[in-house]
Amino acid sequence: MLVFGVAGTVLLTAALREGAVGAVSAVLSVTTVLVPGLVGLALLGDRIRPGCVPVVVVGLLLTVGGMLVLAAGSRAPRPDVARL
């Protein structure tokens with residue numbers, strides 16, 4: 001777990017340095033919730049309340065779609081930054 005935490009911090013820092021902050025923030029905020037939820041459903045025996053599967057699917061599609069829109073819309077040209 002410690003290795004994944006360090007790797008995530010290093011990769012997030014690199015993404016923020018090289019990419020657009022909006023894109024990185026959009027992907028990070030969605031994956032922080034989506035991945036543990038899917039792991040719970042797939043591996044830990046969590047279940048969706050009967051009759052709520054369509055609501056979950058629509059919510060998932062809207063969330064991922066919104067993330068893609070935010071990530072694509074934040075590709076503004078970056079000013080040249082002097083690297084140390």
Side-chain angles (χ1 to χ4, degrees):
M1 187 167 240
L2 182 63
V3 172
F4 285 126
V6 171
T9 302
V10 169
L11 292 172
L12 176 63
T13 304
L16 288 172
R17 182 182 52 223
E18 298 296 328
V21 174
V24 173
S25 298
V27 172
L28 181 66
S29 64
V30 170
T31 56
T32 300
V33 176
L34 184 66
V35 171
L38 292 176
V39 167
L41 288 171
L43 302 175
L44 301 177
D46 290 350
R47 299 285 177 251
I48 298 171
R49 184 179 297 179
C52 291
V53 172
V55 174
V56 171
V57 170
V58 169
L60 180 65
L61 292 174
L62 288 172
T63 301
V64 172
M67 177 193 68
L68 293 173
V69 168
L70 288 172
S74 65
R75 295 182 187 213
R78 290 181 43 162
D80 289 333
V81 177
R83 299 202 185 236
L84 300 175

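The minimum heavy-atom distance linking Pro36 with Thr31 is given by the pair CD-O, 3.7 Å.
Note on Leu38 and Val27: same hydrophobic cluster, where clusters join Ile, Leu, Val, Met, Phe, Trp and Tyr whose side-chain heavy atoms are under 4.5 Å apart, directly or indirectly. Cluster annotation: Met67 and Leu34 are assigned to the same hydrophobic cluster (Ile/Leu/Val/Met/Phe/Trp/Tyr, side-chain heavy-atom contacts under 4.5 Å, transitive). A single hydrophobic cluster is seen to contain both Leu68 and Val30, as judged by linkage of ILVMFWY side chains at heavy-atom distances under 4.5 Å, directly or through other members.
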May I have the list of side-chain donor-acceptor pairs in residues 42-66 shorter than 3.5 Å, sequence neighbours left out?
from: Thr63; atom 1: OG1; to: Gly59; atom 2: O; distance (Å): 2.7

